[in-house]
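Below is one structure; the comments refer to it alone.
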Amino acid sequence: MALIFPRNTDKYVRIAGIIVGLFAVTGAAAYTYFSHPRVLDTGYAPIQPVPYSHKVHAGNLGMDCYYCHHTVYKSWYAAIPATETCMNCHTRIKPQSERLLKVRESYASGQSIPWVQIHKLPDYVYFNHQAHISAGVSCVSCHGRVDQMEVVKQVQPLSMAWCLDCHRNPAPNLRPVELVTRLGWQPDRDPVEIGREIIAAKHINPPQNCSGCHR
């Protein structure tokens with residue numbers, strides 16, 4: 001009886017199956033890696049409507065983070081400064097600068113500047129800036145050395161795993177509250193030891209259960 005398929009068909013089918021399997025495994029691994037928040041989200045640096053340099057303002061001029069983001073120590077959110085805050089200085093400093101045209105237009109019209117949000121959390125995540133600032137978590141722990149950035153970018157993944165790593169071991173990220181916005185602060189002794197002392201003094205016990213962040 002004549003064969004329907006050649007004798008070596010099984011070999012080719014097996015080889016094809018192996019190739020397809022390798023492609024599937026490689027594709028799944030690539031998707032897992034490139035879709036991870038540490039890869040997908042970090043480095044995000046959108047173009048803003050006004051070219052604002054944190055390096056100049058917070059770095060060179062030494063402006064405190066609280067001056068613009070004045071709600072972080074008393075509210076769950078970090079306020080975006082009103083145009084009036086910018087004009088407190090720029091009515092006198094470079095008042096005719098072309099780079100500040102949209103700022104002047106916003107100030108005259110009362111229409112907010114459409115700043116592009118960089119650090120975003122899903123709607124189902126509750127994050128309280130006040131709680132973290134009061135505990136002694138510095139801006140630099142989540143946002144990096146913003147005082148050295150010409151263009152602000154996201155430097156941490158802000159993923160659940162990343163948050164839980166800190167909640168399980170908060171000591172390395174804690175410092176005296178008065179130093180929270182001192183982004184370039186260098187401790188004179190082991191920072192973990194300082195963090196443990198703060199934990200003991202304030203009875204800090206970050207939640208690790210679901211309801212701590214998902215309410």
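- Within the 4.5 Å cutoff, the side chain of Y44 has no heavy atoms near those of the V155 side chain.
- What you find for L183 and V180 is that their closest heavy atoms are CD2-O, 4.1 Å.
- Between E197 and K202 there is no salt bridge, since no side-chain N of the basic residue sits under 4.0 Å from a carboxylate O of the acidic one.
- Taking CD of Q208 as the start and NE2 of H167 as the end, the distance is 8.5 Å to the nearest 0.5 Å.
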Practice problem: Kindly indicate, with the supporting measurements, whether the criterion side chain to side chain contact (heavy atoms under 4.5 Å, CB included) is fulfilled by K55 and D147. | Solution: CA-CA 5 Å; K55 186 174 188 288; D147 59 323; over 6 Å; no
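- Between L174 atom CG and L179 atom CG the span is 12.5 Å, to the nearest 0.5 Å.
- E84 and Y107 get closest at one heavy-atom pair: CG-CE1, 3.8 Å.
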Self-check item: Derivation and outcome, side chain to side chain contact (heavy atoms under 4.5 Å, CB included), residues W115 and V50
Solution: CA-CA 8 Å; W115 299 105; V50 177; 3.6 Å; yes
Exercise. Using the side chain to side chain donor-acceptor pair (under 3.5 Å) rule, take S106 and Q111 through it: C-alpha gap first, then chi angles, then the decisive distance, then the call.
Key: CA-CA 5 Å; S106 170; Q111 296 294 317; over 6 Å; no
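- V140 and V146 fall within the same hydrophobic cluster, where Ile, Leu, Val, Met, Phe, Trp and Tyr residues are linked whenever their side-chain heavy atoms come under 4.5 Å apart, directly or through other members.
- Note that CD1 of I133 is 8.0 Å distant from OG1 of T181, once rounded to the nearest 0.5 Å.
- With rounding to the nearest 0.5 Å, the separation of NE2 in H132 from SG in C139 is 12.0 Å.
- No continuous path of hydrophobic side-chain contacts links V177 to V72 [ILVMFWY only; heavy atoms under 4.5 Å].
- Checked by atom type and distance alone, the side chain of S138 never pairs as donor or acceptor with a backbone atom of S141 at under 3.5 Å.
- Partners of H119 according to the ring pair (Phe, Tyr, Trp, His ring centres under 6.0 Å) rule, which considers only residues two or more places apart in sequence or in another chain, are H143.
- No side-chain donor-acceptor contact under 3.5 Å links H69 to the backbone of P81.
- At a threshold of 4.5 Å between non-hydrogen side-chain atoms, the residues I47 and V116 do not count as touching.
- Going from atom NE2 of H54 over to atom CG of N60 covers 13.0 Å, rounded to the nearest 0.5 Å.
- Contact of the Q48 side chain with the I118 side chain is registered, since non-hydrogen atoms from C-beta on lie closer than 4.5 Å.
- What you find for Y73 and Q130 is that their closest heavy atoms are O-CG, 3.5 Å.
- Checked by atom type and distance alone, the side chain of R175 never pairs as donor or acceptor with a backbone atom of P191 at under 3.5 Å.
- Linking Ile, Leu, Val, Met, Phe, Trp and Tyr residues whenever their side-chain heavy atoms come within less than 4.5 Å places F127 and W162 in a single cluster.
- Of the inter-residue distances, the one linking H129 atom NE2 with K74 atom NZ reads 14.5 Å to the nearest 0.5 angstrom.
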Quiz item: side chain to side chain contact (heavy atoms under 4.5 Å, CB included) between M63 and Y67: does it pass, once the steps are laid out?
Solution: CA-CA 7 Å; M63 289 177 59; Y67 182 72; 3.5 Å; yes
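- Among all heavy-atom pairs drawn from Y126 and R215, the shortest one is CE2-NH1, 3.3 Å.
- Between I93 and H90, the shortest heavy-atom distance links the atoms O-ND1, 2.9 Å.
- Tracing side-chain contacts under 4.5 Å through hydrophobic residues (I, L, V, M, F, W, Y), one never reaches W185 starting from V192; they form parts of separate clusters.
- A 6.0 Å sphere centred on CZ of R145 holds more than 12 heavy atoms belonging to other residues, nucleotides or ligands.
- Judged purely by atom type and a 3.5 angstrom limit, T71 uses its side chain to pair as donor or acceptor with the backbone of Y77.
- Counting non-hydrogen atoms of neighbouring residues, nucleotides and ligands closer than 6.0 angstrom, the CZ atom of R189 exceeds 12 such neighbours.
- At least one donor-acceptor pair under 3.5 Å links the side chain of S109 to the backbone N or O of E105.
- Under the 4.5 Å side-chain heavy-atom criterion for grouping Ile, Leu, Val, Met, Phe, Trp and Tyr, Y124 is not connected to W76 through any hydrophobic cluster.
- For P170 against P206, the heavy-atom pair with the smallest separation is CG-CG, 4.0 Å.
- When side chains are defined from C-beta on, I198 counts as touching P176, because their heavy atoms get closer than 4.5 Å.
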